[in-house]
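Notes to accompany the following structure.
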Amino acid sequence: MPRSDSDGYDVVLLGATGFTGRLTAERLASHGPAGLRWAIAGLDPHRLAAVQEALAAHGGAGATVETVVADVTDPTSLRRLAERAAVIATSVGPFVERGEQVVAACADLGADYVDLAGEPEFVDRMWLAYHERASATGARLVHSCGFDSVPHDLGAWFTVQQLPEGVPLTVKGFVRAYGALSGGSHHSAVRALSRLRQARAVAGRRRAAERRAAAASKVTSSRRVRALPQRPSRAPDGQGWALPLPTIDPLVVRRSARACERYGPDFAYGHYALVPNLPLAVGAPVALGAMVATAQVRPGRDLLLRLQRQGAGPSAERRARSWFQVCFVGTGGEREVITQVSGGDPGYDETATMLAQSALCLALDADLPSTAGQVTTVQAMGDALRIRLQAHGMTFRRLSAWPSQAGPAAGSRP
């Protein structure tokens, strides 16, 4: 809920001078209600002032934006920010390097938090360090509020709602997308690939801590949530191949399932990329393996990082030609449903909309689930966020048959 003091903010956006951050600021200016109390924050007051001036041209909420100087490595400045903010949204990554102090300030002072982190190691570290504190202060820490992992988390939830209650459910998500990877996302991905060993160790520590917490609570449950076998298979329509996607998205979906009984007594989820032909199905894992191997050594990692500069991104024309579709096949109680989540440019335009709407949802929507600590988008916002995203161009729909794999025409939304 908004801060009650007169100098408080409903939303503060960190990283507004970066490429994705600036797009998010534009969404807040265009989509935010009149009277929204919000600010953009960062290190350089001159760059912030230039973004503020550009946002004012949007009218509406753009006319009310303020600027605040803050440093993601300075706990004191971030605590001052969290004291004044109902929600802090951040696009400043790689999060494993630059994200912890923002989470710490929000958890300690009870401010809500949203980010674009697609880094499992970072999310697990933040759960271990700050979930308990945030649960006590009432802060909602919601990671992965962009293409990682909103369409997948909300899409799986939307699919489950079309299936019978109280029976075992299986959901498979199939991803198709056309678009460019941002410089920030590229750097985050390379660093994540270079830290797979550390990520596995942290994930193990989290699982052990969760088991201890469950045992201490003495609350037992017979419900089961599991991953489907991760192996390549033919696409549901037999046209092309489905390759397991080792992203944070299936982890988020399964965490939502563990938190909500509506997913049934036995819930299984699989997450896949759709590719059109066998050569690509064979070549993609080989290319990923080569990238992983290269990222393990400093010279190779530096080479990969130089391939794309942070803060850069594609033109508006390129983004206008980009799109994504995530199709879900859900089964349970002798029923099968097919659903689809779709939208425009996944890496920038839609990601900016998702982050902005997540922040506005937490700050302004009254009828949200009662929760605190590190939670998923389904746990924290659920249908309220889906409704907001639908109002701004993303589609969630139930299909009568599997859709064609011919992508949207250039320049059109799916």
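All of these numbers come straight from a predicted model, not from anything done at the bench.
With rounding to the nearest 0.5 Å, the separation of CG in Leu13 from CD1 in Ile40 is 7.5 Å. A distance of 10.0 Å separates OG1 of Thr64 from CG of Leu28, quoted to the nearest 0.5 Å. Here the straight-line distance linking atom CG of Leu228 with atom OG1 of Thr170 works out to 6.0 Å at 0.5 Å rounding. In this structure, CG in Leu368 is found 8.0 Å from CE in Met381, a value given to the nearest 0.5 Å. How far OG1 of Thr353 is from CZ of Arg27: 4.0 Å, rounded to the nearest 0.5 Å. Distance CD/Gln357 to CE/Met394: 10.5 Å, rounded to 0.5 Å.
Proximity of a side-chain donor or acceptor of Gln162 to a complementary backbone N or O of Phe158 within less than 3.5 Å is detected. No donor-acceptor distance shorter than 3.5 angstrom exists from the side chain of Asp10 to the backbone of Ala363, with no hydrogens or angles considered. With hydrogens and angles ignored, the 3.5 Å screen pairs a side-chain donor or acceptor of Arg223 with a backbone N or O of Cys260. At least one donor-acceptor pair under 3.5 Å links the side chain of Ser144 to the backbone N or O of Ala117. Although no hydrogens or angles enter the test, the distance criterion places no donor-acceptor pair under 3.5 Å between the side chain of Asp365 and the main chain of Asp367. Side-chain atoms of Glu119 come within 3.5 Å of backbone N or O of Val96 as a donor-acceptor pair. The main-chain N or O of Val123 is found under 3.5 Å from a side-chain atom of Gln374 such that the two form a donor-acceptor pair. Between the side chain of Arg98 and the backbone N or O of Val72 there is no donor-acceptor pair closer than 3.5 Å. In terms of modelled atom types and a separation under 3.5 Å, the side chain of Thr351 and the main chain of Phe147 share a donor-acceptor contact. Arg397 contributes no side-chain N or O that, together with a main-chain N or O of Gln340, makes up a donor-acceptor pair within less than 3.5 Å.
Looking only at atom types and distance, the side chain of Ser256 has a donor-acceptor partner in the side chain of Thr376 under 3.5 Å away. The closest side-chain donor-acceptor pair between His58 and Glu26, if any, does not fall under 3.5 angstrom.
With a 4.5 Å cut-off on side-chain heavy atoms, Pro250 and Leu245 do not count as touching. Using a 4.5 Å cut-off on side-chain heavy atoms (C-beta onward), Leu14 and Leu81 make contact. Between His152 and Val175 the shortest side-chain heavy-atom distance falls below 4.5 Å. Two residues are said to be in side-chain contact when any heavy atoms from C-beta on lie closer than 4.5 Å; Leu154 and Met354 fail this criterion. Within the 4.5 Å cutoff, no side-chain heavy atoms of Ser222 are placed close to those of Pro265. The shortest distance between side-chain heavy atoms of Arg226 and Asp266 falls below 4.5 Å. Residues Arg319 and Leu23 meet the side-chain proximity criterion, which asks for heavy atoms closer than 4.5 Å. Proximity of Leu36 to Leu364: side-chain heavy atoms (C-beta onward) are separated by under 4.5 Å at one or more points.
Between Phe174 and the options Phe328, Trp241, Phe324, Trp402, a ring pair (Phe, Tyr, Trp, His ring centres under 6.0 Å) holds for only Trp402.
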Decide yes or no on side chain to side chain contact (heavy atoms under 4.5 Å, CB included) for Val167 and Arg335, but give the supporting numbers first. CA-CA 11 Å; Val167 299; Arg335 183 186 302 177; over 6 Å; no

Start with the C-alpha distance between Arg205 and Asp124, add both sets of side-chain angles, then the distance that settles salt bridge (charged side-chain N to carboxylate O under 4.0 Å, His left out), and finish with yes or no. CA-CA 9 Å; Arg205 287 167 49 201; Asp124 288 341; over 6 Å; no

May I have the step-by-step check of side chain to side chain contact (heavy atoms under 4.5 Å, CB included) for Leu116 and Asp148, ending in yes or no? CA-CA 7 Å; Leu116 297 176; Asp148 287 329; over 6 Å; no

Go through it in stages, so that I can follow the logic: the residues are Phe95 and His143, the test is ring-ring contact (aromatic ring centres under 6.0 Å, His included), and I'd like the CA-CA distance, side-chain angles, deciding distance and then a yes or no. CA-CA 10 Å; Phe95 290 93; His143 302 282; 8.1 Å; no

Apply the test side chain to side chain contact (heavy atoms under 4.5 Å, CB included) to residues Val87 and Arg140: give CA-CA distance (whole Å), side-chain angles for both, the deciding distance (0.1 Å), then the verdict. CA-CA 9 Å; Val87 180; Arg140 293 169 289 191; 6.0 Å; no

Arg79 and Glu83: salt bridge (charged side-chain N to carboxylate O under 4.0 Å, His left out), yes or no, with the steps? CA-CA 6 Å; Arg79 286 180 66 86; Glu83 285 173 346; 5.2 Å; no

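In this view, Trp38 satisfies the ring pair (Phe, Tyr, Trp, His ring centres under 6.0 Å) rule with no residue, not counting sequence neighbours.
The environment of CD in Gln198 is crowded: more than 12 heavy-atom neighbours from other residues, nucleotides or ligands sit within 6.0 Å. Within a 6.0 Å sphere centred on CD of Gln390, other residues, nucleotides and ligands contribute more than 12 heavy atoms.
Across all their heavy atoms, Ala70 and Ala41 have their closest contact at CB-CB, 4.3 Å. Residue Gln230 comes nearest to Pro244 through the heavy atom pair OE1-CB, 3.3 Å, listed as atom of the first residue, atom of the second, then distance. Taking both residues in full, the closest heavy atoms of Ala359 and Ala89 are given as CB-CB, 4.2 Å, listed atom of the first, atom of the second, then distance. Here the closest heavy-atom approach between residue Cys106 and residue Ile88 is recorded as SG-CD1, 3.8 Å. Between Asp108 and Thr137, the shortest heavy-atom distance links the atoms O-CG2, 3.6 Å.
Taking the six-membered ring where tryptophan is involved, the planes of His31 and His392 are essentially parallel, since the angle between them stays under 30° and well short of 60°. Tyr263 and Phe267 have perpendicular rings, their planes meeting at more than 60° on a 0 to 90° scale where under 30° would count as parallel.
Under the 6.0 Å distance and 45° angle rule, Arg206 does not count as a cation-pi partner of Phe122.
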